[in-house]
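Working notes, structure below.
All values derive from a computational prediction rather than experimental measurement. This chain uses plain numbering: 1 for the first residue, then up along the sequence.
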Amino acid sequence: MVKTCSVKSAQHEFPSLLGRVRRKKDTVIVEEQGHPVVAMIPFDRYQALTKRRDRLFAVLDRIWAKNRNIPARDARRDATQAVKQARAARRRRRRLSA
């Protein structure tokens with residue numbers, strides 16, 4: 001479950017908010033003047049998000065390393081083609097799972 005609260009409220013309720021995140025695996029969004037500024041999430045979720053981000057950036061790093069000496073126009077063309085193929089594959093997977 002997601003709970004939203006103000007900064008002031010979060011300061012006063014921190015122990016109970018921490019308990020919600022730790023025990024119930026809730027997410028707490030802290031807002032300042034109606035704008036989200038902080039999200040409290042369970043640490044295992046944070047680790048999963050970080051691991052996913054690292055995997056995605058590792059892919060980008062490998063692509064960049066392979067294409068370092070390729071002219072920008074060729075790299076852009078190849079990337080556009082790869083994106084089209086990935087989107088087509090995603091559409092096929094969605095149709096199969098529906």
Side-chain angles (χ1 to χ4, degrees):
M1 185 168 100
V2 178
K3 176 179 173 45
T4 304
C5 65
S6 68
V7 170
K8 190 170 187 168
S9 174
Q11 290 171 335
H12 289 92
E13 299 176 30
F14 186 76
S16 67
L17 295 175
L18 186 62
R20 286 180 74 133
V21 173
R22 182 185 298 153
R23 287 188 292 282
K24 295 182 180 180
K25 303 295 185 189
D26 285 350
T27 297
V28 177
I29 306 295
V30 181
E31 295 180 340
E32 188 170 49
Q33 297 179 348
H35 299 285
V37 292
V38 173
M40 294 172 59
I41 60 173
F43 189 71
D44 57 343
R45 175 136 170 79
Y46 166 79
Q47 285 180 311
L49 291 170
T50 302
K51 191 177 200 177
R52 182 169 188 254
R53 182 199 66 209
D54 291 345
R55 273 195 331 268
L56 293 172
F57 276 99
V59 168
L60 292 175
D61 289 340
R62 286 195 310 272
I63 291 169
W64 183 82
K66 286 181 182 179
N67 293 292
R68 188 173 308 173
N69 299 320
I70 296 176
R73 184 181 354 194
D74 295 345
R76 192 173 301 115
R77 181 196 65 226
D78 294 347
T80 300
Q81 183 181 5
V83 167
K84 285 180 184 178
Q85 290 173 349
R87 287 178 177 162
R90 181 187 299 166
R91 283 191 297 273
R92 283 191 300 273
R93 283 193 306 271
R94 285 182 180 165
R95 276 190 242 127
L96 291 175
S97 66

Donor-acceptor contact below 3.5 Å, side chain His35 vs main chain Glu31: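 Not confirmed, His35 side chain does not pair with Glu31 backbone.
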With no hydrogens and no angle check, is any side-chain donor or acceptor of Ser9 less than 3.5 Å from a backbone partner on Ser6?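 Answer holds: no.
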Salt bridge (charged side-chain N to carboxylate O under 4.0 Å, His left out) partners of Arg77, counting only residues at least two apart: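 Applying salt bridge (charged side-chain N to carboxylate O under 4.0 Å, His left out) to Arg77 gives Asp74.
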Non-hydrogen side-chain atoms of [X] and [Y] separated by less than 4.5 Å:
| X | Y | value |
| --- | --- | --- |
| Asp26 | Val2 | no |
| Val37 | Glu32 | yes |
| Lys3 | Glu13 | yes |

Grab the two heavy atoms, one from [X] and one from [Y], that are nearest each other, plus how far apart they are.
| X | Y | answer |
| --- | --- | --- |
| Ile70 | Ala75 | CG2-N, 3.8 Å |
| Leu17 | Cys5 | CD1-SG, 3.8 Å |
| Ile41 | Leu49 | CD1-CD1, 3.9 Å |
| Pro42 | Val21 | N-CG1, 3.5 Å |

Assess whether atom CD of Gln47 is packed by more than 12 heavy atoms of other residues, nucleotides or ligands within 6.0 Å.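 Buried by this count: over 12 neighbours within 6.0 Å.
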Report the distance from atom [atom1] of [X] to atom [atom2] of [Y], rounding to the nearest 0.5 Å.
| X | Y | atom1 | atom2 | value |
| --- | --- | --- | --- | --- |
| Arg90 | Gln85 | CZ | CD | 14.0 Å |
| Asp78 | Ile63 | CG | CD1 | 10.5 Å |
| Thr27 | Met1 | OG1 | CE | 10.0 Å |

In this structure, would Tyr46 and Val28 fall into the same cluster of hydrophobic residues linked by side-chain contacts under 4.5 Å?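 Different clusters.
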Please tell me whether Val38 and Phe14 are part of a single hydrophobic cluster in this structure, the criterion being side-chain heavy atoms less than 4.5 Å apart.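 Result: yes, single cluster for both.
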